[in-house]
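By convention here, the first residue in the shown sequence is residue 1.
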Amino acid sequence: MNERRVKYSASVSNRSVLCRVKRHLNPVMDAELLVQRIANKISPEPMRQILEKQVLAKVLTPGEFELGLGSHSLSKYCYAPGEMILCRKNTEEWVRWRSPIQMLMITVPDQTLHSVAEELGGTAPELNGTPLLKDERIRALVAATEADLVNGSPAGRIYTDSIGRALAAALMHSRGVLRSPMRQYHGGLSPVQLRRVTSFVHENLHEDVSLMQMAEEAKLSPAYFSQMFHQSTGVAPHQFVLRARVERAKELLVQEDARVLDVAIACGFQTQQHFARVFRAFCKMSPTQFRQARLA
């Protein structure tokens, strides 16, 4: 099974900048949402930082720091848990930590921002950073990202792709140059398109299927595809993939010589525990209980 490409980084201590974005050597990974938990300690002197990616931060623990465009012109900021910061991209800044603080850092891929901007009728997006971002839509999307992280990302990359695109659109509406509403599409996929997409999903359940891959099968943009797919099936793409994995697992579990771990891997789950959690959510019983009931 391929290694999961959407990475959730563990907590990092002694961070010297507000949020440091890792440079990926793999260009594919640069197109995926990156979520990190960081922990900063007090710093006696201001430190220089330049963020090359668009980063959104959510404060997890109360704290304060100083930030400014010069080392001698810093402004003090105090934060409570839950408050958000939209970091400035490609801008030289200086930061001095006045207290320990933990944050959730979400890096939105450039590719996603550009793709959503084109669908909104614009070109290269520009977001205006702010030390205090107040937007309930964005808050809800960040909460969805956190929940997905805690749950082990059961739907895989396809769900994080969807969150990333929704987050990019919300940020552009709130803090970007593009403020026109997202276009709404009516109708659904054609029978041929739907058949191509569903066949692709069932043939690749062992892989971490992405929203882009499903959209390509229908020859549509990801945003257009998501709306059309939901209208045709009544469920979001990531929900369809999860249900398909569970249904495949049911077929394999009734084979007496199949181990639960082997079934989990064959259906695209990272671990047996991950598989059991998702299976129980759909079937109200564990994979072992399902097997016992069917083979009794």
Side-chain angles (χ1 to χ4, degrees), residues 1-2 4-8 28-29 31-35 106 108-109 111-116 118-120 137 140-149 151-170 182-250 264 266-270 274-275 277-279 281-283:
M1 180 175 62
N2 290 347
R4 289 288 308 286
R5 293 195 179 107
V6 177
K7 300 296 183 183
Y8 292 114
V28 174
M29 293 182 69
E32 298 162 10
L33 205 67
L34 175 65
V35 181
I106 302 176
V108 184
Q111 180 177 320
T112 301
L113 288 166
H114 282 272
S115 175
V116 172
E118 291 178 358
E119 292 171 3
L120 289 171
R137 296 171 301 172
L141 290 167
V142 172
T145 304
E146 288 185 279
D148 190 56
L149 169 60
N151 292 330
S153 191
R157 181 181 169 189
I158 188 172
Y159 183 58
T160 51
D161 283 350
S162 299
I163 293 180
R165 297 187 67 81
L167 190 56
M182 178 70 81
R183 292 196 295 263
Q184 298 295 316
Y185 302 99
H186 302 284
L189 298 175
S190 70
V192 173
Q193 288 175 312
L194 186 58
R195 185 165 57 252
R196 284 178 58 88
V197 172
T198 55
S199 295
F200 171 79
V201 169
H202 286 102
E203 291 170 3
N204 293 276
L205 287 178
H206 61 290
E207 300 285 354
D208 197 4
V209 177
S210 72
L211 181 65
M212 181 67 73
Q213 289 173 320
M214 292 179 69
E216 287 175 350
E217 289 297 315
K219 302 188 184 305
L220 298 172
S221 70
Y224 191 4
F225 167 76
S226 292
Q227 293 187 44
M228 300 283 276
F229 186 87
H230 190 278
Q231 291 178 32
S232 293
T233 64
V235 297
H238 74 274
Q239 293 172 324
F240 179 85
V241 172
L242 271 185
R243 290 182 181 182
R245 285 175 173 165
V246 171
E247 291 303 315
R248 174 69 59 81
K250 288 181 180 179
C267 296
F269 294 96
Q270 290 180 292
H274 180 207
F275 168 50
R277 184 167 59 250
V278 174
F279 192 92
F282 276 88
C283 304

TODO: With Glu146 as reference, evaluate Val142, Asp148, Leu149 under the side chain to side chain contact (heavy atoms under 4.5 Å, CB included) test and give the passing residue.
DONE: Val142

Open item on the list: For Thr160 and Glu32: C-alpha separation, side-chain torsions, deciding distance, then whether side chain to side chain contact (heavy atoms under 4.5 Å, CB included) applies.
Closed with: CA-CA 8 Å; Thr160 51; Glu32 298 162 10; over 6 Å; no

Open item on the list: Please report the interatomic distance CE(Met228) to OG1(Thr233), rounded to the nearest 0.5 Å.
Closed with: 12.0 Å

Task: CD1-CD1 distance between Ile163 and Ile158, expressed to the nearest 0.5 angstrom - done: 12.0 Å

- [ ] Considering non-hydrogen atoms only, spot the tightest contact between Leu205 and Ala244 and give its length.
- [x] CD1-O, 3.6 Å

TODO: Specify whether Phe269 and His274 have parallel, tilted or perpendicular ring planes, treating 30° as the upper limit for parallel and 60° as the lower limit for perpendicular.
DONE: perpendicular

- [ ] Decide yes or no for Gln213 and Glu217: does some side-chain heavy atom of the first lie under 4.5 Å from some side-chain heavy atom of the second?
- [x] no

Task: Spacing of Ser162 atom OG and Arg157 atom CZ [to the nearest 0.5 Å] - done: 11.0 Å

- [ ] Identify the two heavy atoms, one from Cys283 and one from Lys250, that lie closest to each other, and give their separation to 0.1 Å.
- [x] SG-CE, 3.4 Å

Open item on the list: Check the orientation of His238 and Tyr159. Use parallel for under 30°, tilted for 30 to 60°, and perpendicular for over 60°.
Closed with: tilted

- [ ] Enter the distance from Arg245:CZ to His206:NE2 here, rounded to the nearest 0.5 Å.
- [x] 10.5 Å

TODO: Identify the heavy atoms of His202 and Arg248 that sit nearest to each other, and give their distance.
DONE: O-NH2, 2.9 Å

Open item on the list: Using 0.5 Å steps for rounding, measure from the OG1 atom of Thr112 to the CE atom of Met212.
Closed with: 7.5 Å

Open item on the list: Quick one, Val35 with Thr145, criterion side chain to side chain contact (heavy atoms under 4.5 Å, CB included). Give me CA distance, side-chain angles, the key distance, then yes/no.
Closed with: CA-CA 8 Å; Val35 181; Thr145 304; 3.6 Å; yes

Task: Side-chain heavy atoms of Val246 within contact of Arg243, under 4.5 Å - done: no

- [ ] If the plane angle is over 60° it's perpendicular, under 30° parallel, otherwise tilted; pick one for Phe275 and Phe279.
- [x] perpendicular

Task: Separation between OG of Ser232 and CG of Leu194, rounded to the nearest 0.5 Å - done: 5.5 Å

Task: Within-4.5 Å side-chain heavy-atom neighbours: Thr198 and Phe240 - done: yes

- [ ] In sequence, state the C-alpha distance, the side-chain angles, and the governing distance for Asp161 and Arg165, and then conclude on side chain to side chain contact (heavy atoms under 4.5 Å, CB included).
- [x] CA-CA 6 Å; Asp161 283 350; Arg165 297 187 67 81; 5.6 Å; no

Open item on the list: One pair to check against side chain to side chain contact (heavy atoms under 4.5 Å, CB included): Leu220 and Phe229. What are the steps and the verdict?
Closed with: CA-CA 11 Å; Leu220 298 172; Phe229 186 87; over 6 Å; no

Open item on the list: Could you report the tightest heavy-atom contact between Phe225 and Ala218, atom names first, then the distance?
Closed with: CD1-CB, 3.9 Å

